Amino acid sequence: MAPPANGGGGEVQEQAAQPQQQQRGIGQMLTGVIRIAVFWYFASKFFSPKKPMSDPSVPNLQISNLFNKGEPLDMWFYLSEQQNFSDFGNEGALIWHETNIPYAVWGPESTRSLSLKYHLSEAVKNNGSLYAHVYFARSGYSPDPNDPEYQPLAAFGRTYSIVTYLPKSKADKKKSLLRNSEDSKEDVTIPEAVQEAQHDLKEDGPPEWISYWKPNVTINLVDDFTRYTANAIPPIVAPYINIESTTGNYYPTVFFNEFWLLRDKLIAINDTVTEVPLHLEVSPISMTKWQLFLQMDQSFQVHRSYGSMLDGESDELKRVFLEGNPYLLGVTMIVSVMHSLFDFLAFKNDIQFWNKNKSMEGLSAKSVIVNFFCQFIVFLYLLDNDTSWMILASSGVGCCIEFWKIGKAMHIEIDRSGRIPMLRFRDRESYAGNKTKEYDDLAMKYLSYVLFFLAVCFAIYSLMYDRHKSWYSWILSSLTSCVYMFGFIMMCPQLFINYKLKSVAHLPWRQMTYKFLNTIIDDLFAFVIKMPMLHRLSVFRDDLIFLIMLYQRWVYPVDKKRVNEFGFAAEDVDQAASSSDTPALKEDEKKTN
């Protein structure tokens, strides 16, 4: 199918604007494609309709295509406001006519196209319908049933709606929380509150539907000559099979291909729109490609019904394949699989490290607490912005894991002395009994000054120049932006502790290695994907922290007296091994003597 024709005016607005700092790259989109493919495979295995059981009393009739491969066809393309069409003699309704189109033959002669401008009627401008009636017939035959030379087995057709109806996008509730000085003098707060209440009541009612024009119509004749069993047609193909009643065989399948028709290419129809573009194309399509389109659309519908995909995300995935370089897409898909693998390994080793950790010596407990609050802020932000439940669930699980880490880093007790039970946090002995707590408090003290200063500056900037739904949304968006932009500062206390203790033996190096490999992949995407310079520079902030840690690992030698993350020291292990070897040597000496 050819890319959709660009029709000026009337683009569909997205329902929610994404924050600028959360720009998703091609790698994340392709990771979603892989997730969708796996999800569709299991969904088709467990939830697909079962094939009908054949009745032994009914013979297994085989049905086949009524037309032969390469047979020349004539095509008529009519436009009408009526769903049932019979006015074949109306020359004004006939938009396009082609002759001698070879059926299921791959070549330039089997692909025809036409571009034109269509003038809308007053009925269509006022939410009226418009249908395309496409008819095919063997060359020399007529599709009109009233024609004396009409042959039912020689003609077939299908109806398609060129005007579609979509719910009107919800009005953007965001507003400037600080009024301009000139406007604030004339504002009246009571009428404004009444208008907002009325607006909310309207949104709670039934949605308003708007008609949209499809500027691109692609007609595919499916190259299908399969001999089907009459009572066992595949479920995904059955709705499109047009069976002739007398012979039991089927006509060639006419498929109106909308797979590459993106939603933002649709043109809104209103009183001001008088002329719209229309690009028509007729071409063959293979059976495999046709079924692939059907299965992908079915997969997108399943994800939308389960809430794991929002409206418009499928169009973004299609846009990647339409506008992306094929070689770059292949490399990106491989790298995305590696990114997912390293994410899983980093998560697994992070859980293992904290599960087996017995000592907090050399580890920053303050960073663990701050990481929990950062994750919780991101969860509240996603909840406020109507994110899909799958992303909310993963963020919620992340919050629970971060809180579980606090229980490993500190003692959590329930204080029941007051009316309301409260949680009390107490430092572990391995953390408070040495210099680790002192260095951690010192580092967090000075870094908090920097972080609070940056957070306040960004919040003031956002309040003055950005629009928000409410004061609560402003606080959440400001805190979330600080987490995304300045979150790397939370790793600095660990660098300070390493510097003071002159050791890095207490760090979970396996988990950090996997995370560093992921940052290298993010660096690759930063070079090949178009993005703002500030966002591109922010990708390299984690690299700087890890490179400093690598330098510290090289500078500070291994201290065999220091306790590792499992509560053991290298000298203890060596002494235990030597003590266990001593009795064995004595036994050998006795035997030799």
Side-chain angles (χ1 to χ4, degrees), residues 1-19 22-26 28-30 32-33 35-36 40 115 118 120 124-125 127-132 160-174 203 206-220 255-270 272-273 275-281 290 292-324 329 385-388 390-391:
M1 172 181 176
N6 291 330
E11 292 186 351
V12 182
Q13 297 180 350
E14 295 293 336
Q15 293 186 2
Q18 299 294 333
Q22 300 184 43
Q23 298 189 0
R24 298 182 302 174
I26 297 178
Q28 187 175 359
M29 292 183 182
L30 290 177
V33 172
R35 187 183 74 241
I36 289 173
W40 172 84
S115 296
Y118 185 78
L120 299 176
V124 176
K125 291 180 183 179
N127 290 337
S129 300
L130 187 67
Y131 298 94
Y160 173 74
S161 177
I162 295 186
V163 175
T164 185
Y165 298 90
L166 298 174
K168 183 179 180 180
S169 300
K170 293 182 179 179
D172 189 8
K173 293 183 178 180
K174 294 183 179 180
E203 287 193 348
E208 181 182 356
W209 294 83
I210 299 178
S211 57
Y212 291 92
W213 176 265
K214 300 176 183 178
N216 200 49
V217 178
T218 299
I219 308 162
N220 289 141
F255 174 60
F256 291 94
N257 196 343
E258 293 185 350
F259 189 81
W260 299 114
L261 182 60
L262 305 184
R263 186 170 179 177
D264 61 354
K265 298 298 181 182
L266 302 179
I267 302 174
I269 300 176
N270 49 45
T272 61
V273 179
E275 188 181 68
V276 288
L278 182 60
H279 178 78
L280 306 175
E281 180 181 321
W290 175 51
L292 178 63
F293 285 159
L294 296 179
Q295 290 172 354
M296 289 296 292
D297 284 335
Q298 187 180 28
S299 175
F300 292 147
Q301 292 176 4
V302 169
H303 273 272
R304 281 192 292 266
S305 63
Y306 288 165
S308 57
M309 176 179 286
L310 298 177
D311 291 336
E313 288 188 356
S314 60
D315 283 0
E316 293 301 323
L317 294 176
K318 295 175 184 178
R319 196 188 308 277
V320 171
F321 292 97
L322 276 176
E323 302 175 358
L329 289 177
N385 284 271
D386 300 329
T387 314
S388 63
M390 181 172 289
I391 299 178

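All values derive from a computational prediction rather than experimental measurement.
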Could you give the distance from [atom1] ([X]) to [atom2] ([Y]), rounded to the nearest 0.5 Å?
| X | Y | atom1 | atom2 | answer |
| --- | --- | --- | --- | --- |
| I210 | N270 | CD1 | CG | 8.5 Å |
| E281 | N220 | CD | CG | 7.5 Å |
| L280 | T218 | CG | OG1 | 8.5 Å |

Check: N127 main-chain N/O paired with Y165 side-chain donor or acceptor under 3.5 Å: yes
Do [X] and [Y] make a side-chain contact, defined as non-hydrogen atoms from C-beta onward lying under 4.5 Å apart?
| X | Y | answer |
| --- | --- | --- |
| P277 | I267 | yes |
| L261 | L266 | yes |
| F256 | K214 | no |

Provide the closest heavy-atom pair for [X] versus [Y] in the form atom of the first, atom of the second, distance.
| X | Y | result |
| --- | --- | --- |
| W213 | L130 | CZ3-CD2, 3.4 Å |
| V163 | S211 | CG1-CB, 3.7 Å |
| R263 | L166 | NE-CD1, 3.5 Å |
| S115 | H279 | OG-ND1, 2.7 Å |

Plane angle bin for F293 and F259 - parallel if under 30°, tilted between 30 and 60°, otherwise perpendicular: parallel
Residue list, side chain to side chain contact (heavy atoms under 4.5 Å, CB included) with L294, at least two apart or on another chain: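 Side chain to side chain contact (heavy atoms under 4.5 Å, CB included) check on L294 returns I236, Y240, F255, W290.
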Partners passing ring-ring contact (aromatic ring centres under 6.0 Å, His included) against Y131 (at least two apart in sequence or in another chain): none
